[in-house]
Visitor: 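Once you've had a glance at the structure underneath, I'll fire off some questions.
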Amino acid sequence: MDLNSIQEAIETHVYHIHPDLKVPLHEHATQDEIFYCIQGSGVGILEDKEVEMHVGDVFVAPAGKKHSLKSDGNMYVTTILIPVNRIICHCKQVSYGDIRKAMVSGARTVKEIQEITGAGTECGNCIKDIEKILSLACGCKMVTVETVVNAVKGGADTVEKIGEVTGAGTDCGKCKFLLQNIIDTKR
Ligand code: FES
Ligand code: FES
């Protein structure tokens with residue numbers, strides 16, 4: 001990756017976290033997210049841990065880890081989203097992106113992922129991670145593949161309709177190719 005593509009791939013946001021804002025636990029499978037508290041205070045939540053945040057504190061949510069923020073008062077944070085492509089299967093050097101690509105081409109089971117990518121075919125330590133990736137259609141909205149399949153079976157025949165019914169695909173949009181494949185294959 002050259003400097004320009006790295007710069008283009010990095011996203012930044014500023015959020016105002018307040019008591020009425022319920023930020024659901026969510027994850028970014030292909031981005032690490034760094035939060036920096038600019039003003040006020042609050043709490044960063046990383047899976048089952050909570051970290052107090054005051055001005056100048058930094059909180060890091062690694063790719064694939066569920067996280068959220070909350071504040072009883074006001075907290076202004078800036079975030080930087082940095083692209084990463086985690087290696088899921090170290091024996092076969094298969095990344096998260098490779099597994100998602102296989103899903104976009106129709107793979108839904110560990111066996112199918114093994115056949116397409118080779119992941120999980122040696123020590124087997126990565127099988128649980130593969131199962132977790134297979135189960136989730138949309139990490140931003142934490143919508144499972146099962147929920148999307150049920151929406152498709154219930155008549156949602158476009159990516160937009162799936163978004164209306166389940167919320168999947170309505171944030172970063174990176175899962176839209178997978179949603180389309182679920183519509184096409186009904187699985
Ligand atoms: S880590 Fe995937 S088979 Fe060993
Ligand atoms: S993964 Fe971001 S909207 Fe689905």
Side-chain angles (χ1 to χ4, degrees), residues 8-15 21-35 45-47 61-69 79-152 156-185 187:
E8 276 166 24
I10 289 176
E11 284 175 44
T12 61
H13 302 276
V14 176
Y15 297 114
L21 185 72
K22 305 286 174 237
V23 183
L25 273 176
H26 64 285
E27 65 183 49
H28 306 285
T30 57
Q31 291 161 310
D32 286 341
E33 187 164 23
I34 301 171
F35 298 90
I45 301 158
L46 183 65
E47 306 214 302
K65 300 277 181 201
K66 290 189 189 63
H67 60 275
S68 175
L69 291 172
T79 80
I80 308 173
L81 284 148
I82 300 162
V84 290
N85 192 7
R86 281 182 296 144
I87 295 293
I88 301 299
C89 176
H90 291 276
C91 294
K92 296 289 186 179
Q93 287 297 299
V94 179
S95 68
Y96 173 89
D98 296 328
I99 293 171
R100 288 294 282 195
K101 211 185 281 174
M103 289 174 73
V104 168
S105 67
R108 295 291 183 272
T109 64
V110 171
K111 191 164 179 287
E112 287 165 342
I113 293 293
Q114 286 173 324
E115 284 165 3
I116 296 171
T117 69
T121 55
E122 269 189 39
C123 74
N125 287 348
C126 57
I127 300 277
K128 273 204 163 42
D129 287 336
I130 296 173
E131 284 170 346
K132 186 184 161 213
I133 297 167
L134 282 168
S135 70
L136 201 59
C138 174
C140 292
K141 298 291 180 181
M142 297 307 288
V143 179
T144 63
V145 168
E146 192 185 356
T147 300
V148 175
V149 170
N150 288 338
V152 170
D157 55 2
T158 64
V159 170
E160 289 68 30
K161 285 187 199 165
I162 288 177
E164 283 162 25
V165 178
T166 69
T170 59
D171 201 324
C172 76
K174 290 201 175 95
C175 56
K176 284 186 175 178
F177 289 112
L178 175 58
L179 301 182
Q180 186 58 55
N181 183 260
I182 297 174
I183 294 168
D184 296 341
T185 59
R187 69 189 279 264

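Remember, it's 1-based here, ligands and their atoms both numbered in the order they're listed. Atom set for the values below is all heavy atoms of this structure, side chains included, hydrogens, waters and symmetry mates excluded.
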Visitor: Salt bridge check, Glu27 against Lys65: does any charged N sit closer than 4.0 Å to a carboxylate O?
Guide: no
Visitor: Number the atoms of ligand 2 from 1 as they appear, then name those within less than 4.0 Å of a heavy atom of Asp171, with their elements.
Guide: 3 (S)
Visitor: Distance only, no hydrogens: is a donor on one side chain within 3.5 Å (strictly under) of an acceptor on the other, for Gln114 and Thr121?
Guide: no
Visitor: If you measure from the Lys or Arg side-chain nitrogens to the Asp or Glu carboxylate oxygens, is any gap between Glu115 and Arg108 under 4.0 Å?
Guide: no
Visitor: Is there an N/O/S atom in Cys138 that lies less than 2.8 Å from atom 2 (Fe) of ligand 2?
Guide: no
Visitor: Could you list which atoms of ligand 2 come closer than 4.0 Å to a heavy atom of Gly139?
Guide: 1 (S)
Visitor: Just jot down the ligand 2 atoms closer than 4.0 angstrom to any heavy atom of Gly173, in number order.
Guide: 2 (Fe), 3 (S)
Visitor: Hey, are Asp98 and Ser95 close enough side-chain-wise for a donor-acceptor pair under 3.5 Å?
Guide: yes
Visitor: Would one find an N, O or S atom of Cys89, in either backbone or side chain, under 2.8 Å from atom 2 (Fe) of ligand 1?
Guide: yes
Visitor: Of all the atoms in Cys175, is at least one N, O or S atom closer to atom 2 (Fe) of ligand 2 than 2.8 Å?
Guide: no
Visitor: What are the atoms of ligand 2, with element, lying closer than 4.0 Å to any heavy atom of Gly169?
Guide: 3 (S), 4 (Fe)
Visitor: Show which atoms of ligand 2 fall inside a sub-4.0 Å distance from at least one heavy-atom site of Cys140.
Guide: 1 (S), 2 (Fe), 3 (S)
Visitor: Specify the protein heavy atom at minimum distance from atom 1 (S) of ligand 1: its residue, its atom name, and the distance to 0.1 Å.
Guide: His90 N, 3.5 Å
Visitor: Please report the interatomic distance CG(Asp32) to CG(Leu81), rounded to the nearest 0.5 Å.
Guide: 9.0 Å
Visitor: For atom 4 (Fe) of ligand 1, which of Gly124, Gly118, Cys91, Gly120 has the closest heavy atom?
Guide: Cys91
